[in-house]
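Okay, structure first, notes after.
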Amino acid sequence: MKIDFKEKVFEAVKKIPRGRTLNYKQVAKLADRPRAYRAVGNILRSNYDPTIPCHRVIRSDGKIGGYNRGIELKAKLLKQEQSLNKE
DNA sequence: CGTATGACGTGCA
DNA sequence: GTGCACGCCATAC
């Protein structure tokens with residue numbers, strides 16, 4: 001089965017452990033397209049799934065960026081998971 | 001098939 | 001340190 005770039009992105013994002021945030025560039029690299037970080041954000045925006053912790057994907061600047069379900073929700077989730085991971 | 005868009009990143013002033 | 005512009009890739013229309 002040949003998986004598309006977005007499928008690869010989804011897998012990479014799903015592999016992100018809680019408390020761990022990756023920037024779009026990293027996800028794109030894991031998807032074999034280190035230059036497609038643009039498409040990564042675009043794909044996540046057009047294809048949100050409850051099984052994909054896309055909220056763990058942030059910008060390289062450390063900024064959250066955006067979130068289909070609400071930017072504030074993403075910020076809250078990140079803070080929550082980071083707090084859990086920190087113990 | 002071609003154009004436009006975008007949750008980005010880096011460089012330069 | 002902040003702001004503006006360019007470049008890159010995939011998706012949607």
Side-chain angles (χ1 to χ4, degrees):
Chain A
M1 170 182 175
K2 192 169 73 68
I3 59 180
D4 290 295
F5 172 67
K6 64 177 187 177
E7 296 294 306
K8 214 55 171 304
V9 174
F10 290 143
E11 287 191 65
V13 176
K14 289 195 304 188
K15 289 176 182 174
I16 303 175
R18 83 167 144 83
R20 183 61 178 256
T21 50
L22 294 178
N23 43 322
Y24 294 95
K25 195 193 295 185
Q26 277 288 61
V27 177
K29 185 176 183 179
L30 293 171
D32 286 300
R33 287 296 190 272
R35 306 294 169 183
Y37 44 73
R38 280 280 203 155
V40 174
N42 214 314
I43 291 164
L44 296 178
R45 195 196 194 219
S46 297
N47 295 275
Y48 178 79
D49 279 287
T51 57
I52 302 171
C54 48
H55 62 262
R56 290 180 187 158
V57 186
I58 62 176
R59 291 185 38 152
S60 62
D61 303 272
K63 294 181 180 302
I64 295 176
Y67 197 53
N68 294 7
R69 300 304 171 186
I71 181 64
E72 44 190 300
L73 178 62
K74 182 172 181 176
K76 185 164 58 180
L77 288 168
L78 288 171
K79 183 179 172 69
Q80 181 93 11
E81 299 195 339
Q82 284 178 123
S83 203
L84 289 166
N85 182 269
K86 194 176 65 177
E87 299 189 46

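Note: hydrogens, waters and symmetry copies are ignored here, and every other heavy atom, side chains too, is used.
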Sugar-phosphate, base or nothing in reach of A:Ala39, heavy atoms under 4.0 Å:
base

Holding to side-chain hydrogen bond (donor to acceptor under 3.5 Å, both in side chains), I want the full list of residues that pass it with A:Lys8, two or more places apart in sequence or in another chain.
A:Asp32

Just the rounded figure in Å: distance from P of B:dG6 to NZ of A:Lys6.
18 Å

Any side-chain heavy atom of A:Val57 sitting closer than 4.5 Å to one from A:Tyr24?
yes

Give a yes/no on whether any side-chain N or O of A:Ser46 is located under 4.0 angstrom from OP1 or OP2 of B:dG6.
no

Nearest-nucleotide pick for A:Lys25, side chain only, options being B:dA7, B:dT10, B:dG6:
B:dT10

Please enumerate all residues that pass side-chain hydrogen bond (donor to acceptor under 3.5 Å, both in side chains) together with A:Arg33, with sequence neighbours excluded.
none

Answer yes or no: is there an ion pair linking A:Lys6 with A:Asp4, defined by an N-O contact shorter than 4.0 Å?
no

Look at all strands and tell whether A:Arg33 reaches a base, only sugar-phosphate, or nothing, counting heavy atoms closer than 4.0 Å.
sugar-phosphate

First and last nt of DNA chain C near chain A, cut-off under 4.0 Å to heavy atoms, 5' to 3', are C:dG7 to C:dT11

Assign each of A:Tyr37 and A:Asp4 to its nearest nucleotide of DNA chain C by heavy atoms, then name whichever residue's nucleotide is nearer the 5' end.
A:Tyr37

Hey, does A:Phe10 have a side-chain heavy atom less than 4.5 Å from the side chain of A:Ile3?
no

How close or far is atom C1' of B:dG9 from atom CD of A:Gln26, stated in whole angstroms?
13 Å

